[in-house]
Structures are given as structure tokens and as C-alpha cells.
Protein chains: 2
Amino acid sequence: MSKRVAAPSRSEEVAKRAGVSVATVSRVTNGLASVDKKLAKRVWEAIEELGYVPNPQARALVSGRSRTLGLLVSEITNPFFPELIQSFEDIAGKNDFEVMVGSTNYNYEHARLFIKRLAQRRVEGVAVMTFRAESHLLDELIAQDVPMVSIDVSTNAPRSVVLEVDYAQGITQAVQHLAVLGHRQIAFAGGPMPHLTNLRRKEAFIQAVRSIGLQAKESQIFEGAHTFEGGTLAARHFLDMAVRPTAIICSNDIMAVGVMRILSQRNVKVPGDMSVIGFDDIHLAEFANPPLTTVRMSREDLARNAFNALQLITSSEMKTPHQAIRVGTSLIVRESTNFHAAATRGLRIKRSSSQATARKRS
Amino acid sequence: MSKRVAAPSRSEEVAKRAGVSVATVSRVTNGLASVDKKLAKRVWEAIEELGYVPNPQARALVSGRSRTLGLLVSEITNPFFPELIQSFEDIAGKNDFEVMVGSTNYNYEHARLFIKRLAQRRVEGVAVMTFRAESHLLDELIAQDVPMVSIDVSTNAPRSVVLEVDYAQGITQAVQHLAVLGHRQIAFAGGPMPHLTNLRRKEAFIQAVRSIGLQAKESQIFEGAHTFEGGTLAARHFLDMAVRPTAIICSNDIMAVGVMRILSQRNVKVPGDMSVIGFDDIHLAEFANPPLTTVRMSREDLARNAFNALQLITSSEMKTPHQAIRVGTSLIVRESTNFHAAATRGLRIKRSSSQATARKRS
DNA sequence: TTGTAGGCGTTATCAA
DNA sequence: TTGATAACGCCTACAA
């Protein structure tokens, strides 16, 4: 109820008011059982009246725990990340942790500076939520011996955990979804292959296509940039092929939007003439025209798992080191995919890896 | 060069190694002039060799300064904010401040919790970068007597500064841009008027329209939500009017995208049949089809001014209290605006507020 | 169950 | 200019 001004009160004042020692106040605020109920109540009242809040700096100093976590993303302005940041901060906040958010901006120096600040502030753990394997960065963190969780790329450092994204899950759903709609010429527009995540997405695609008995032709796989322009290039490539694909899976939503722009310019209707699928499920996907069918990678899952992993490492000293945590992906069907007239005759859909009938296109 | 592991070194170790006292080490790290050059050099060497980094918690404890700032936004996932957050963190980081980022999520309780955490962590200032006048929140902050900077809504608190966004600047540019293109029936799709920012945008529009000698008819002003759906509603409203506008200015980019969706569905070409202008200049604007002409409110300006204001309050005790800082807006012309065939005959464009010739539409 | 007192790593005050 | 040393606010043996 009461509002103090300026100088926050100290435990000593609380102690005085409650007629106990500061030690008892400390015990109460830390929930140690060994406090007489009556005293505890008096202390809580004093705390309430004074609006006392323990000084986290003093706490950190004596306990050696900063109750601060680091979160490193690629760019805050990349629409994939805000939701991840939000989720991570929420769960961290609920557990009384603050989080320092920083970005690599795809720039090693920029990232290094941030990591330096993390170390200075004595963070208790860092979540490296970037999709480029910045192994130098990981090394830097490892050298500081700070608990770490990363995506896809595992390290052999003792206090680190990796989040393994199951790209295959969602991409397989995407391919099967298209197959059910009658598509047999399915193309893939991927990102730069040096990056592990893109390689895995591509491989998941190839795997998925084969598993329904289709071939994964080289010409139907385009390697470009994960950008709008990358999408336009991919679209042009596929459109100019002798045998046009009837569907394009992009390894990123923004590429898909680029693809759709070119299709629109060339008067190729989506989804009438061409189905398009994205990856990530950023906001943009929903507002695209038409709304984009896409593979969702849940930022909430990523964040929660990252936080929990960090807690695990810090607390239980990890009996099972180098443990990997799986994070799923799943298809979100919107309006950019549909039946394709020219590719109607049935395909046998199957989930196992046994043989399926591949057919020639007429 | 050298990498330590685990336990960071303390100033005492540095002192020992350099053969000085901890006091001298402190003087060196804080750049106090009164240190012998030779000694200082020895200290720096020791610092380097040990990889010593001052413990910020201890520093904060004794200095009473947390070197932490708070940043409150509406939602991190709203594409307007990430750039603002990024800029704010960058400039703060460069000045050795950390920042705690939180969101209201348009939910008072959620915001209150965040503010509580800010107070607990003893932030030295808070930037309230939200566009709804959450005056309760401001009061909460004021009660804690923490330096504060807010947008649009000024308080009479001693240690607070307001950032006055000059909506009129960009909106006037937008209206004049349309006028030059021959538009005379210009409509405005605004957000909920209870919010000061929306009111100001609308008033800026009315002012701008009048200043070029046109009337601002009630029917040409739509009040809706700052959402995609809000845009669709606005578009329907305007499309169904007896005298259709030839251009629509939206007080938000996402509305503009909603407007364009309906236009596309009704086969109204943008910009051929209808020009559309947004507000904010979020990423989405660039990727819209066609790319959206919009009024940009610079997040970088906002962030920089907010940070500087906070510094000002904290340091110089502000000789001029309740000072307001102006932040400009400006038109970014892309492809959603153009000449309108049916509205060709010239308008006299003028920048001053003198009379202009208004003409009847034929 | 409670209180006393030492220490966490710095900075700031005072002598020297 | 430098060095002891007392804070800063809290936690945690250890004693009572």
C-alpha cells in the first residue's frame, strides 16, 4: 500500500521495525523454514509497510549469482526473433531472471562485443539462438565456461546443450500435403548451403520427396539467399524451366513472398497455377496475398526449451552431458496451396520409407 | 590474450600482481588522473594478463548506480518496435548501460509486473515507448521517482521528459504528395481515437488537407482499429461511398495492407485506381504488393532521443524541467501512390497556410 | 530458532 | 600520488 520515495529501504530497517535481526529478515525473504511463524509474520508486515525489496546487487555480490541470462539472436529486426525473445523473457522473468538480449547482426565483431558484455555482467547462462553456426562465438563462450544452449550445432563443451530442430517433421508434412493435392513436380528454394540449418532443410526436402516415391531432381532445387530477392531469383529460375514445377517449397517465408511477387508479375496464379509453401511462419506469412501455407517452427518451444536447458545445466550439474533436446516443426495450411489441375492423377502417399510408385509426367 | 576459466579475478589480485594497492587499481580502471603513469601502466598490464573485469555488482552496490535502463514497449512482436529496441540497446550498450526490455502487451497487469522488476533491479531510468497513454503506468514510475521519458504524453513529474512526435510533418508531406499527383478526394483511415497518438494523426491530416484548400469531410475520415481487419473495414467503407476517394491515407501500415487486400479483391488497382499511404514504415511496407508509400517515424531517432533525454535527466539535474524533445516524421515514396486519371486538373499546392483554390469534383 | 559477525568486490575517505 | 580501511546491502557460518 504505502509508497516510498527515492532511497529503497534496507533489510536493517525491516529488522528494526519487526524487532528481529537482519539474519531473520534474510531467512524470511529467502523462505527458509527455520523461522518462527509469528516472527515471520511480523517480518512480512514490516516488509510490506516499508515496501522493502532486497537489493539484487548486494544479493548477487554475496551469492555469486547474477540471476541474469544472455540471449543471442541473429537480428532483433528479423521478424523470426521477436517472438522468441518475448517468450524467453517471459519465462525467464517468471523465474526471477533478467535477460540481456543481443544480436550478431551477422557481424563477428558486433557479436563478440556483446559476449564481452555478457561476461562482464556475469550472466549465468547464454542461449545462442542463431541459425548460422558461428562456432567462433560458441568457442568464445566456452572459453568463459558459461553454460550454453545452442541450436543445431552441438559442441563438446561440458556445460552445453543443443536444441535439435526437427526440420524433417514439418517439411515432410509439407511435401505430403502437396502430394495429396496432386503435385508431382515439387521444387525447393533453399538458403545458402554453408549454413547447417539450410542444408538440413534441403536434405529433409529430398528425403521427404523420395519417401513418396518421387525423384529429387537437381534442377528442382535452387540454392539462393534467404531474402526477398532470393525468392525472386528462385521463382524466375523455376518459371523458366522446360518442365515447370507445380509447387515450390521455400526454406524461408520471406523467400516465399519474393517467389509470389514474381509469380504475380508473370500472371501465374497462386495457388491455382502454382502452390507455394514457406518456412518459419513469421507474421508476414499471414498477411501475404494469398496467406501463406508454411512450416512453423515454434519460437515458444525454442525459448522454453532453451531456458529449461540452461536451468538444467546450472542446477543438476547434468548427469547426461551433451544431451540434445528435440524441437518439432509443423505445417500450417493457409491459402497458398491447392490442387493443381495439370497434376491430378493420384499418387500413393506413404509415411514409411518403403517403395512407392513414381510416375512420369505426361 | 590470456584466457582464464571460471572464477573471475578480483581487483586484489591485480593489485598484488602490479605491486600496488586495490585503491590504485580502482583509480586506474576508473580513469582518475591522479595516478603515476608508470604505475598505471603496470596496472593495465596486470589487468590484461589476468583478464580482469571489474565486478559490476560490487560496483553497483557501492556506487548506488546499476547502469541499467528500462525500456517499455507495447509488444515486442509488433514490427514497429524491434528496430527501436535494437537502436536503444545499441546506444545504451555503447555507454555501458544494460537495458531491460519489457512489454505491456496492452495489459495493465503485465506491465505492472515489469515495472516492479525494473524497480527491483534499481534501473536508473525508464523509456516508456508505447503509444497508448498508459498514464497509470507513468504514475507508477513517477511514484518510484525513477527518471522517465515518454512519447507524446507529458507528465508534470520533475524527472521526466516527453518526446513529441511531429506527426504533422510527415502527414503534411503525404497529403501534398497526393495533391501534386492530382488527388482531391483524399480519405483517412485512423486508429481508435481515445489514443492521443491517433487523435494527433487525424488532426494532422485534417490540418494538412485544409492547408491545401480542400475540405476534410467527416465521411472521408474513418475511425477503426490499427489492424489488418481495421484496414479491410475502412476500405469497404470508402469503396461503398457515393463519391469514392481516390486516395487513402492510413494511420498505420498494417491497416494499409488490409486496405490493399480489399482493393485487390474488388479489382481496384493500386495505384492506378487508388493511391494508398501508410504510417510507420515497418518492414511489411517494403514487401507489400505494391510496395507501400508511407510516413516513416524513425525508430532510431526515437531511441537516440530517449536515451539522451534519460542521460540528461540523470546527470545535469535538468535546469529546464518538463522539456519536450521533437521527433520528426517524413514521407517515404514507394509504389502505392500515383497520378489518378479521374482527378487530373491542377491544384495549387502551397506550404503556407494561406488560401488555396478548392474545386468541385466534376 | 535466533543473533552476531565476517565477507562478497568495489569505491571513497582519510592519512601519510 | 598512494595506501589502509570503512562503507555498500545482503547472506551464512557459527554461537547462543
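Note on naming: letters A, B, ... go to the chains in the order of the sequence lines (proteins, then strands), and numbering restarts at 1 for each one.
As rounded to whole Å, 13 Å separates atom C1' of dT1(C) from atom CZ of Arg42(A). Distance CD (Glu13(B)) to C1' (dT10(C)): 14 Å, rounded to an integer number of Å. Taking atom NZ of Lys16(B) as the reference point, atom C1' of dT2(D) lies 18 Å away to the nearest angstrom. If you take CZ of Arg67(B) and C1' of dT11(C), they are 14 Å apart, rounded to a whole angstrom. Note: CD (Gln57(B)) to P (dG7(C)) measures 21 Å, nearest angstrom. The nearest whole Å value for the distance from the CG atom in Leu50(A) to the C1' atom in dG9(D) is 15 Å. To the nearest angstrom, P of dG9(D) lies 23 Å from CZ of Arg65(A). The nearest whole Å value for the distance from the CG atom in Asn30(A) to the P atom in dA13(D) is 12 Å.
Residue Asn55(B) has no polar side-chain atom (N or O) positioned under 4.0 Å from OP1 or OP2 of dC8(C). The side chain of Ser11(B) places no N or O atom within less than 4.0 Å of a non-bridging phosphate oxygen (OP1 or OP2) of dG9(C).
Of the candidate nucleotides dT4(C), dT10(C), dG7(C), dT4(C) has the atom nearest to the side chain of Ala23(A). The Ser26(B) side chain lies nearest to dT11(C) when the options are dG9(C), dG3(D), dT11(C). Counting only heavy atoms from C-beta on, Val22(A) has its side chain closest to dA5(C) among dG9(D), dT1(D), dA5(C). Distance from the side chain of Arg59(B) is smallest for dT10(C) among the nucleotides dT10(C), dA4(D), dG9(D). Residue Leu61(B) places its side chain closer to dC8(D) than to any other of dT5(D), dT2(D), dC8(D). Counting only heavy atoms from C-beta on, Asp36(A) has its side chain closest to dT1(C) among dA5(C), dT1(C), dT2(D).
Within 4.0 Å of Val25(B), counting heavy atoms only, lies no atom of the nucleic acid at all. Across all strands shown, Thr24(A) has heavy atoms under 4.0 Å from sugar-phosphate atoms exclusively, and none from any base.
Of the two residues contacting DNA chain C, namely Ser63(B) and Ser21(A), the nearest-nucleotide position lying further toward the 5' end is that of Ser21(A). If you find the closest nucleotide of DNA chain D to Val20(B) and to Arg27(A), the one lying nearer the 5' end belongs to Val20(B).
A salt bridge links Glu109(A) with Arg112(A); the closest basic N to acidic carboxylate O contact falls under 4.0 Å. Checked for salt-bridge contact, Glu13(A) and Arg10(A) meet the test: a charged N lies under 4.0 Å from a carboxylate O.
Atom NE2 of His136(B) is surrounded by 12 or fewer heavy atoms from other residues, nucleotides or ligands within 6.0 Å. Counting heavy atoms of neighbouring residues, nucleotides and ligands inside a 6.0 Å radius, atom CD of Glu300(B) exceeds 12 of them.
Phe307(B) and Phe97(B) have perpendicular rings, their planes meeting at more than 60° on a 0 to 90° scale where under 30° would count as parallel.
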